[in-house]
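Inspection log for the structure reproduced underneath, given as structure tokens.
Here is how names work: the chains are called A, B, and so on, in the same order as the sequence lines, proteins then strands, and each is numbered from 1. Just the heavy atoms: all of them, side chains too, but no hydrogens, waters or symmetry mates, feed the values below. Model, not experiment: these values are computed from the prediction.
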Amino acid sequence: MEEANKIELEKTYDPKKVEEKWLEFWIKKGYFQASISSQRPSFTIVIPPPNVTGSLHIGHALNNTIQDILVRYKRMKGFNALWVPGTDHAGIATQTVVERELLKEGIKREDLGREGFIKRVLKWKELYGNRIIVQLKSLGASCDWSRERFTMDEGLSIAVKEAFVRFWREGLIYRGHYLVNFCPRCDTALSDLEVTREDTKGRLYYLRYPLVSTDKNGQSETSRDDSASLHIIVATTRPETMMGDTAVAVNPKDERYKHLIGKEVILPVVNRKIPVIANESVDMEMGTGALKITPAHDFADFEIGNKHALPRVQIMDFKGVMNENAGIYNGLDRFECRKQIVEDFEKEGILEKVEDYSLQLGKCYRCGTVVEPMLSLQWFVRTKPLSIPAIQAVEDGRTRIIPEGWKNTYFEWMRNIRDWCISRQIWWGHRIPAWFCKDCEGITVSVEEPNVCEHCTSHNIEQETDVLDTWFSSALWPFGTLGWPRKTKELEVFYPTSVLVTSFDILFFWVARMMMMGLKLMNDVPFRDVYIHALVRDEKGEKMSKTKGNVIDPLDIMDEFGADALRFSLTALAAQGRDIKLSLSIIEGYRSFMNKIWNASRFVFMNLDNVEATRRVVSTGLNLSTPDKWILTKLNRTIQEIENSLEEYEFDKTSRLIYQFIWGDFCDWYIELVKPILNGDDLEARKRTQAILVRVLSSSLQLLHPIAPFITEEIYQRLRELGVRMSSTDEEETESISISSYPNFNKDEIYEEAFDEIEYIKEVIVGIRSLRAIVGVHPSKMVDIILLPDNKKILEITQANKNFIHSLAKASIDLSREEKPKKAVAQVIEGLQIFLPIDGLVDVEKEVERIKREISKVVKDVELTNRKLSNPDFLERAPEDVIEKEKEKFEELSLKKHKMEEVLQKLSEIG
RNA sequence: GAGCGCGUAGCUCAGGGGGAGAGCGCUUGCUUGACGCGCAAGAGGUCGCAGGUUCAAAUCCUGCCGCGCUCACCA
């Protein structure tokens with residue numbers, strides 16, 4: 001007896017014992033650091049930077065699992081793989097969080113002043129900003145942590161300034177007085193994208209604006225007459241804005257109002273005369289067909305106001321409080337004002353009626369406050385010229401969007417793009433590099449802080465207090481992180497990046513803007529592919545949210561089930577174009593899979609009695625058995641399919657393939673087939689089998705590694721202890737599975753014949769097991785089975801694999817009979833009848849039922865096939881091979897039907 | 001209003017013009033020398049509905065129904 005190996009695996013896999021260890025190992029060894037001097041092709045991903053304030057949620061887990069799969073796969077494939085990690089300063093979000101924190105101490109940010117507040121935020125970031133990075137690491141993310149970046153770090157700050165300055169000089173950035181979305185709670189302007197529309201129940205108020213009646217002398221007087229012809233009724237959802245009305249617009253084609261165009265109405269409350277104007281855009285069907293125009297507080301009205309040169313009257317301040325232009329309502333909050341005004345108007349007879357109305361209300365996407373369109377001086381990016389190359393790049397495929405369906409969404413948005421308001425009235429962020437001159441009012445824009453105004457050389461200059469939209473800096477991420485605007489080796493080697501992995505909800509916010517910025521500033525697309533993955537929802541398909549209490553916290557999951565189980569679950573569900581409904585039971589299921597792999601390995605370890613036998617894991621030169629050939633064929637086919645699926649971003653398919661191979665092929669069949677050999681006396685055969693076991697196990701681990709890095713590393717390291725090395729000859733490359741080379745498809749390991757043979761034997765075994773179950777034989781009891789093959793070939797195959805049938809079906813096989821036994825239950829498969837003789841113990845009636853059911857199924861198929869074959873059109877038009885196949889099918893099924901009927905006949909005789 | 005996606009086994013989902021698939025759940029049997037987070041054998045489906053194209057439709061086309069999402073200044 002040879003020396004028993006000393007490495008034994010525990011009975012159950014415990015992720016807690018291994019994950020942290022390998023994490024540290026990988027990072028310490030620097031396996032994930034990319035090289036700028038490598039000759040190998042590069043593969044680059046930049047992480048969608050999570051908010052520094054953030055904590056890992058399930059969406060991050062999915063997003064980063066997918067990126068990690070790609071990076072680990074490419075790294076193993078020999079690419080110079082770089083995954084750049086980092087975080088985003090998340091202006092409004094972070095400021096809000098810190099402000100809330102301060103408020104607990106009774107401090108407002110104004111109390112600290114700008115500098116003091118920024119210091120406070122930085123302190124906060126130091127304390128909590130690293131949290132999500134630690135969490136990403138624990139997920140197993142194989143980022144190059146030595147290159148971690150932050151959107152507010154020095155390099156990226158320079159990038160932001162540089163981009164701003166260039167855009168300004170080219171006229172791509174301008175400053176102007178426009179109507180913008182303003183959040184009174186966050187106290188800042190927002191871009192269009194930062195406003196979400198929500199279905200809200202509101203009311204439609206009908207207001208009566210008296211006409212100014214003009215007498216023959218041309219003098220006007222106010223009419224208080226209630227008769228219909230003397231006023232216009234306008235409908236509005238926002239009566240409190242009426243003080244800002246500067247016109248009433250009607251459609252010029254509208255017969256009801258035609259005669260009033262050019263006349264004036266008197267605006268209640270403020271008693272201002274405003275004109276009735278004609279505008280095509282007014283919908284006659286809508287409301288009363290007369291539209292109050294409030295250019296300073298409504299986007300559509302702003303447009304109309306411009307066309308007709310109407311004055312803009314602002315009636316509230318940036319906090320949403322009514323100002324002096326609101327007359328008696330001065331000082332009231334906008335919603336209180338609405339209440340009050342409705343009450344007052346009702347009394348005064350100005351309010352004609354009120355209707356329930358549902359509308360899409362714009363709300364701040366950060367805090368949910370109703371957004372107020374406000375007239376203010378802001379900075380904008382002129383997006384049209386930037387969008388054109390960004391559209392072209394996707395049109396001509398320089399950047400691919402996967403799944404393709406999102407292309408349309410991208411185009412749709414890009415083609416209708418509007419200028420981007422980039423200034424924010426907050427403190428936390430990149431301060432706009434523009435200085436105003438107090439003497440000449442000129443603007444100096446510069447990367448370096450200027451001493452003088454570039455227009456009049458005055459020293460009396462002051463920097464803009466606004467900061468930039470966080471997405472402005474995020475848009476520079478793919479090249480800013482690689483050193484831009486410096487001309488770095490990194491940019492040369494790693495730009496354009498290979499793929500961006502993200503979810504569709506930031507397609508416009510981020511992806512589109514990176515495209516525009518990358519093409520403008522780098523003169524090339526920021527990434528070759530954009531892979532858009534699903535949203536993770538709860539098991540009912542609802543969005544996870546803290547308020548609903550249906551969140552699945554990835555940290556809890558990793559703690560309970562291990563990072564690998566979580567990663568595998570997300571991967572298995574990551575089908576393109578479909579949301580992920582995640583539940584605990586799914587994760588439990590894949591935890592079982594991890595345990596299965598563990599135990600398959602445990603089995604292998606237990607059956608390696610000699611290190612020599614396992615040192616080399618190559619299979620060439622061995623006198624392979626049929627099952628060996630079968631599993632190698634299956635392995636190679638799986639390798640090929642996995643590779644395809646990964647290249648196509650079909651991650652669900654990848655995980656299914658691995659799952660099926662490891663569990664369905666390797667564990668359920670190969671290991672079982674091979675057990676007698678391992679327990680047998682044939683030393684050569686045993687050694688050979690051990691080699692194949694190790695070979696298939698290690699390849700499986702490698703295939704699985706990108707999805708489940710921890711368990712695969714753990715088992716791999718244990719194999720190493722035994723002296724097993726992965727196929728690479730380079731000792732360094734075998735230190736860790738994460739840098740070993742990914743299995744390659746090898747056509748020399750495809751054995752068609754052996755493969756088909758085992759597939760057939762599997763059917764025989766299942767057939768026998770089925771008979772055993774029917775008769776109710778105890779699993780441990782051996783049965784006698786009679787096989788009647790149709791032809792010599794089947795006879796040979798069954799004969800050659802008799803011992804496998806014997807061990808897997810617990811059956812002694814008799815192949816020498818020439819006729820059917822008298823009393824037996826039977827199974828018919830292609831080319832073979834399987835009999836299990838009985839002593840009348842079986843429930844004949846039940847068995848007759850079963851056979852009948854099966855016959856009727858076959859009959860149905862036979863008829864269907866026959867119908868096809870007797871259809872002249874089919875024979876004429878269907879392709880040759882289809883007809884051929886159909887004929888074979890017909891033969892086979894007819895034969896089966898015939899045999900089954902015979903079986904039935906025999907059974908009836910017993911009965 | 002425009003656009004997109006999805007309706008396949010009880011549940012979650014693959015598949016995608018020529019013999020309906022997986023996992024979970026369910027039923028039955030198992031202290032099988034890797035694993036009960038397991039093994040084996042089963043039951044379970046007019047592939048949303050109606051038309052059309054085709055020799056052939058779960059699969060392609062059209063319409064409808066249901067669910068979801070995105071975009072849009074409709075008072």
> Rounding to a whole Å, what distance do you find between A/I402:CD1 and B/G5:C1'?
Replying inline: 18 Å
> Could you give the CZ-to-P distance, from A/F651 to B/A14, as a whole number of Å?
Replying inline: 15 Å
How far, in whole Å, is [M] from [N] if one measures between their [atom1] atoms?
N     : M     : atom1 : result
B/A43 : B/G33 : C1'   : 33 Å
B/G10 : B/C71 : P     : 36 Å
B/A41 : B/C13 : P     : 28 Å
B/C69 : B/U62 : C1'   : 24 Å
B/A50 : B/C65 : C1'   : 10 Å
B/C11 : B/A20 : P     : 22 Å
B/U8  : B/G45 : C1'   : 8 Å
B/U59 : B/U54 : C1'   : 13 Å

Under 4.0 Å, counting only non-hydrogen atoms across every strand here, what does [X] touch: a base, just sugar-phosphate, or nothing?
X      : answer
A/S780 : nothing
A/I671 : base
A/L582 : nothing
A/A878 : base
A/N408 : nothing
A/P872 : nothing

> Taking OP1 and OP2 of B/G15, is either one under 4.0 Å from a side-chain nitrogen or oxygen of A/R656?
Replying inline: no
> For B/U28, does either OP1 or OP2 sit under 4.0 Å from a side-chain N or O belonging to A/H778?
Replying inline: no
>> Testing the basics here: between A/L875 and A/I883, what is the closest heavy-atom pair and its distance to 0.1 Å?
In response: O-CD1, 3.3 Å
>> Counting C-beta onward and ignoring hydrogens, is there a side-chain heavy-atom pair between A/L9 and A/M606 closer than 4.5 Å?
In response: no
> How about A/F504 and A/F509: are their ring centres within less than 6.0 Å of each other?
Replying inline: no
Does the pair [X]/[Y] count as a salt bridge with the N-to-O cut at 4.0 Å?
X      : Y      : value
A/K885 : A/E888 : no
A/E891 : A/K889 : no
A/K846 : A/E849 : no

> With the sugar-phosphate defined as primed atoms, P, OP1 and OP2, and the base as all remaining atoms, what B/S/- string results for nucleotides 35-43 of chain B, 5' to 3', for protein heavy atoms under 4.0 Å?
Replying inline: B-BSSSSS-
> If only atom types and distance count, is the side chain of A/N599 paired as donor or acceptor with the main-chain N or O of A/K11 below 3.5 Å?
Replying inline: yes
>> For A/F411, does the six-membered ring have the charged nitrogen or CZ of A/R415 within the cation-pi criterion, i.e. under 6.0 angstrom from the centroid and within 45° of the normal?
In response: yes
> Picking from B/A14, B/C74, B/G19, which would you name as closest to the side chain of A/D283?
Replying inline: B/C74
Strictly by modelled atom types, are [X] and [Y] linked by a side-chain donor-acceptor pair under 3.5 Å?
X      : Y      : answer
A/N181 : A/D192 : yes
A/T865 : A/K887 : no
A/S655 : A/K653 : no

>> Here's a test for you: under salt bridge (Lys or Arg N to Asp or Glu O under 4.0 Å), which of A/K857, A/R850, A/K852 qualifies with A/E854?
In response: A/R850
> Which residue lies toward the 5' end of RNA chain B, A/Q576 or A/V882, if each is placed at its nearest nucleotide?
Replying inline: A/Q576
> Taking for each residue the nucleotide of RNA chain B bearing the nearest heavy atom, is the 5' side occupied by A/K292 or by A/I580?
Replying inline: A/I580
Below 3.5 Å between N/O atoms, which protein atoms pair up with nucleotides 66-72 of chain B? Just atom names and distances, please.
| from | atom 1 | to | atom 2 | distance (Å) |
| --- | --- | --- | --- | --- |
| B/A72 | OP1 | A/R418 | NH2 | 3.3 |
| B/A72 | N6 | A/Q360 | OE1 | 3.2 |

>> Looking at A/E10, I'd like to know if its CD atom is crowded, meaning that more than 12 non-hydrogen atoms belonging to other residues, nucleotides or ligands lie closer than 6.0 Å.
In response: yes
> Which dot-bracket string describes RNA chain B (Watson-Crick N1-N3 plus N6-O4 or O6-N4, or G-U N1-O2 and O6-N3, all under 3.5 Å; [ ] crossing; | other strand)?
Replying inline: ((((((((.[[[[.)..(..]]]].(((((.......))))).....[[[[[..)....]]]]])))))))....
